[in-house]
Engineer: 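Pasting a structure here, questions to come.
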Amino acid sequence: MTAPLTIVVVEEDRDRAVAVVDALKDSTECEVHVIGNVSGLARKIAAHQPDVVLIDIDNPTRDMLEELTLASGPLERPVAMFVSSAARDLTRAAIEAGVSAYVVDGLRPERLLPVMDAAIARFQMIRQMRTELAETRRALEERKIIDRAKGLIMKSKGISEDKAYELLRKTAMDRGRRVAEVAEALVTASGLLS
Amino acid sequence: MKAVSLPVAYMPLVDAAPLIVAQELGYAESEGLSLDLVAAPSWSSLRDMLAFGRVDAAHMLSPVPVAMALGLGGVKTGLSAVSILSANGNVIGVGKELESRLRNTDFAFDFANAADAAAAVAAVADEGLTIGVPFPFSMHAELLHYWFSATPLAGVKVRIRTVPPPLMAAALAAGDVDAFCVGEPWGSVAVDSGAGALLLPGKAIWSFAPEKVLAVRTDWAETEPDLLARLMRAIWKAGRWLARPESRTTAAELLARREYLDVPSEIVDRALAGQLTISSQGDQRHVPGFIEFNSGAATFPWRSQAKWIARRLAGRYGLDAATASRRAGAVFRSDLYREALAGCGADMPGASEKLEGAIRHPTAVASGSGTLILHPDQFFDGQIFDPSI
């Protein structure tokens, strides 16, 4: 029996980190460490002597990890971005799912596969949730702007809410723009004029 | 004609301007292209996006494709630097603590003399120095290493750490770094947030340093020569527009937009005008040629520039210098540059290599049109790099 893999997950958001740790532990026998605070990141990682380091691809602190791949870097063992030619498709899948993995050279692919599968699935889910959250936020924000624009039209034209919305929609259609864009333009313009 | 959509990655920096201008001012459109500009969250992500085909071209730190050709770092896809996007444009700055120590001496903060600045810093950096750069493979790191090796800073224990520029102010406040070297607008943002003061422009160390390149996958360059040439022409014309003084205000407004740099246009204008505010007291310094997008064949990818980078990397990472030099020379594609841009008014030097550091005054050289004037490309210590040795 080989020793369990040591995996470091770099993630500031606690809930997200816990989700990833759970998925990894279900997939294989491993010891997982989470690093949330990025100050002195590469050194903190080196202290765990990990076999695999996982980080969100959109995380700007990822550049701090590149030091791990250098000959003079803080890890004694050589580390590669997870891109050996045999694993090219898996790497691409990982990039699409939004995870980057730094893997110690020479780690056998059959040991890595379950880890990467679990990580890719979990990061994909996180990414999707994040997109949905951003969408919801944007929709809420747009709703607010449209309401304000409606209010402005109702006040200045003395018309009903339905009529005001109708006018916004027609203007948007005529100009080939989205209702939210027209509403934003109106709110901005009225801010300038008031 | 329906425009071909081309995904292109960039980092939100002032020197991404040629890509943004090419798309926004119609230079891409006139070549039948529509640039789908993708802002990258980090340099490593940008490199991966290009290497694994998410984008077809990218705004890249000039040493990255060279380092990859040398087998340094994790990714080894073959990349070609088909053009320089800009020369110079970095700043070196110090945090509050180091700034106040320097002010206690009679250091002038002249923002010009690299040797004086090094001596002054060395005199007050008794416990060593940690300097933040955006990426291990960057002109920032190369300029710093070069600067240390030829000054009293060689005797100081200096560490270079990677810190993403948006986090530099926090890293200074936490004491993780004492100083930094970044591209604009991040130096000015640091000054405005009261995090520190600017010490030198990058060009005070090497006066004509290739900063960012337009990089593509080498196999893509081979399979899509026509698309590549159109992209190169659009971006070259954007650089020519950027170099005109009357374009400055429009360019600053454009780059400042929320979807690009998302900073006040006044901050972007500082770099474009070469008029920098170097301290929170508002001291101003003027640097002619602070960033160069066109003039002096700034976009010509000299093979000697790639070789200089390769020699420096080889020295630090223990690689064979001659092999590194040969591999790097093949990364900067002056051949593709000549093919793509011959017909559109770009000045072509007669040679593809030069002695780096040998030009002390603006110098007319042999070129296609006979009017090419090269700018000084000196190193601050007067050394000359001969790419053939």
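Worth saying up front: this structure is predicted, and the values here are computed from it rather than measured. What you see below is based on every heavy atom in this structure, not just the backbone, and it leaves out hydrogens, waters and symmetry mates. Note on naming: letters A, B, ... go to the chains in the order of the sequence lines (proteins, then strands), and numbering restarts at 1 for each one.
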Engineer: I need the A:D58 CG to B:S42 OG distance, nearest 0.5 Å.
Structural biologist: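 Reported to 0.5 Å precision, the distance equals 8.5 Å.
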Engineer: Within a reach of under 6.0 Å around CZ of A:R148, are more than 12 heavy atoms found that belong to other residues, nucleotides or ligands?
Structural biologist: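 No, because the 6.0 Å sphere around CZ of A:R148 holds 12 heavy atoms or fewer from other groups.
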Engineer: How far apart are the closest heavy atoms of B:P164 and A:P60, and which atoms are they?
Structural biologist: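 So the two residues come closest at CG-O, 3.2 Å.
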Engineer: Looking at chain A, which one of B:P41, B:A67, B:A174 has the largest number of heavy-atom pairs inside 4.5 Å, strictly under?
Structural biologist: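 If we count pairs closer than 4.5 Å to chain A, B:P41 comes out on top.
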Engineer: Can you tell me how far apart CG (B:L46) and CZ (A:R62) are? Round to the nearest 0.5 Å.
Structural biologist: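 Reported value, rounded in 0.5 Å steps: 10.5 Å.
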Engineer: Surrounding CZ of A:R175 (heavy atoms of other residues, nucleotides or ligands, distance under 6.0 Å), is the total greater than 12?
Structural biologist: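 Not buried by this count: 12 neighbours or fewer within 6.0 Å.
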Engineer: Measuring from atom OG of B:S44 to atom CG of A:L65, what distance do you get when rounded to the nearest 0.5 angstrom?
Structural biologist: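 Here the interatomic distance stands at 7.5 Å.
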Engineer: In Å, rounded to the nearest 0.5 Å, how long is the span from CD1 of A:I57 to CZ of B:R54?
Structural biologist: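 Reported value, rounded in 0.5 Å steps: 11.0 Å.
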Engineer: Just wondering, more than 12 heavy atoms not from A:R138 lying within 6.0 Å of its CZ?
Structural biologist: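 Count over threshold, so yes.
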Engineer: Rounded to the nearest 0.5 Å, how far apart are CG of A:D63 and CH2 of B:W43?
Structural biologist: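 The CH2 atom of B:W43 is 9.0 Å from CG of A:D63, to the nearest 0.5 Å.
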Engineer: When you look at CZ of B:R159, are more than 12 heavy atoms from neighbouring residues, nucleotides or ligands closer to it than 6.0 Å?
Structural biologist: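 Enclosed.
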Engineer: Does any heavy atom of chain A fall under 4.5 Å from the side chain of B:P165, the backbone, both, or neither of them?
Structural biologist: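 Interface part for B:P165: neither.
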